[in-house]
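Indexing begins at 1, ligand by ligand and atom by atom, following the structure's order.
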Amino acid sequence: MAEQIDFDLGDSPQEDSPPYNILPYDGETIYHGSIYGEIDADQIYHYLLGEIPWKHDEALIYGKHIITARKIAWYGDKDYDYTYSGRTRTALTWTPELLKIKELAEQHSGVVYNSCLLNLYADGSQGMAWHSDDEKCLGKDTSIASLSFGAERRFDLRHKARREKISQQLEHGSLIVMQGATQTNWQHQIAKTKKVTTPRVNLTFRTMQF
Ligand SMILES: O=C(O)CCC(=O)C(=O)O
Ligand SMILES: [Mn+2]
């Protein structure tokens, strides 16, 4: 007689579908997956590439004046000044398109933001080094809503004490929200890679305390 196999499908491992927390402890970083359809995401990507007044960023790192390969833009509710890496930037006025994106990010995260730092990575030769967004003007345990358009890039988080690393691919049109104790306990980076040959635009909505 053939042996009976008991298929217990209920116990089979299943991948969660977004949104889910990608951190195992000491913070919450919620990946929402793509919050736009392909056509809308493409349209926003082309708008951002073409209409944002992108500029290379300048920084003072260990007393040295650095011009970053990556380009940035800084928008806010008022002409907020944002000082980081030894440089002060004055916020541009929201465009209607950016305000619409902000509204959707707020709906998904449940937080109201007053500013946005935009990053343009021309290709995989450009990245962002390990850091936490823990400047005083952001306040403790701030929520940052980060949207991605264009080339998919890997987002890494590293625990400050334990050095454990967590990675998430950021899809075209996707949203990831760093909240809770994330900035206190984890750093994040966008690693350089030879595999990516096309641009990626990233929008990080923030609540500055002025
Ligand atoms: O490009 C990204 O996804 C990360 C951007 C970032 O960490 C920042 O602007 O502080
Ligand atoms: Mn950051």
Side-chain angles (χ1 to χ4, degrees), residues 22-23 27-35 41 44-45 48-49 52 54-59 61 66 68-76 80 82-87 89 91-92 98 101-102 105 108-109 111 113-160 165-193 196 198-208:
I22 66 168
L23 293 182
E28 288 165 34
T29 293
I30 311 293
Y31 187 59
H32 292 254
S34 185
I35 60 165
I44 294 169
Y45 175 58
L48 294 167
L49 276 183
I52 298 296
W54 297 107
K55 286 197 173 68
H56 289 286
D57 198 14
E58 294 176 48
I61 297 180
I66 307 274
T68 59
R70 169 178 53 89
K71 291 182 176 178
I72 64 148
W74 165 242
Y75 285 79
Y80 290 138
Y82 186 16
T83 301
Y84 65 93
S85 304
R87 279 266 307 170
R89 294 109 181 134
L92 300 167
L98 284 174
I101 300 169
K102 179 165 108 75
H108 280 276
S109 66
V111 174
Y113 303 102
N114 61 13
S115 51
C116 186
L117 181 66
L118 289 80
N119 298 295
L120 169 59
Y121 305 84
D123 56 36
S125 72
Q126 301 178 359
M128 195 180 290
W130 287 112
H131 68 282
S132 298
D133 293 303
D134 56 1
E135 296 104 27
K136 251 204 175 132
C137 55
L138 281 169
K140 199 174 150 57
D141 297 338
T142 191
S143 166
I144 296 183
S146 175
L147 286 117
S148 295
F149 297 95
E152 196 169 304
R153 297 287 295 264
R154 198 188 74 220
F155 183 67
D156 300 324
L157 289 128
R158 181 175 71 184
H159 194 269
K160 288 183 190 175
K165 251 172 85 173
I166 302 290
S167 297
Q168 174 68 51
Q169 285 295 128
L170 301 178
E171 298 162 78
H172 180 40
S174 70
L175 169 69
I176 191 162
V177 183
M178 293 183 277
Q179 60 190 51
T182 300
Q183 305 301 335
T184 301
N185 297 310
W186 299 78
Q187 293 180 306
H188 53 277
Q189 73 160 0
I190 296 288
K192 292 179 183 175
T193 171
V196 175
T198 53
R200 165 175 177 263
V201 178
N202 165 249
L203 281 67
T204 56
F205 289 97
R206 297 150 188 260
T207 309
M208 306 290 290

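The aromatic rings of F149 and H172 lie perpendicular to each other, with more than 60° between the two planes, well past the 30° mark. Ring orientation note: the planes of W186 and H159 are nearly perpendicular, at an angle over 60° on the 30°/60° scale.
Note on the Mn ion (ligand 2): protein N, O or S atoms under 2.8 Å away count 3, no waters included.
Residues R154 and D156 are paired through a salt bridge, judged by an N-O separation under 4.0 Å between the basic side chain and the carboxylate.
Nearest protein heavy-atom neighbour of atom 9 (O) of ligand 1: N119 ND2, 3.0 Å. Nearest protein neighbour of atom 5 (C) of ligand 1, counting heavy atoms only, is N202 OD1, 3.3 Å.
For ligand 1, the atoms closer than 4.0 angstrom to any heavy atom of D133 are 10 (O). Close contacts between ligand 1 and H188 involve ligand atoms 7 (O) [criterion: under 4.0 Å to a heavy atom]. Residue contact check: I190 has heavy atoms under 4.0 Å from atoms 1 (O), 2 (C), 3 (O), 4 (C) of ligand 1. Using a 4.0 Å cut-off to heavy atoms of Y121, the atoms of ligand 1 that qualify are 1 (O), 2 (C), 4 (C), 5 (C).
Ranked by closest heavy atom to atom 6 (C) of ligand 1, the top entry among Q189, Q187, M128, M178 is M128.
Annotation: the span from L203 atom CG to L175 atom CG amounts to 10.5 Å, rounded to 0.5 Å. The line from CH2 of W74 to NZ of K55 is 15.0 Å long, rounded to the nearest 0.5 Å. To the nearest 0.5 Å, atom CZ of residue R200 and atom CG of residue D123 are 13.0 Å apart. Taken from CG in D133 to CD in Q187, the straight-line distance is 10.5 Å, to the nearest 0.5 Å. Atoms CD1 and CG, on I176 and L157 in that order, are 6.5 Å from each other to the nearest 0.5 Å.
Residue H131 places a heavy atom under 4.0 Å from ligand 1. For R200, the closest heavy-atom approach to ligand 1 falls below 4.0 Å. Ligand 1 lies within reach of R206, whose nearest heavy atom is under 4.0 Å from it.
Pairing each heavy atom of N119 with each of I72, the nearest pair is OD1-CG2, 3.5 Å.
Scanning for side-chain hydrogen bond (donor to acceptor under 3.5 Å, both in side chains) contacts around R206 gives Y82, T204, with sequence neighbours left out.
Counting non-hydrogen atoms of other residues, nucleotides and ligands closer than 6.0 Å to NZ of K160 gives a total above 12.
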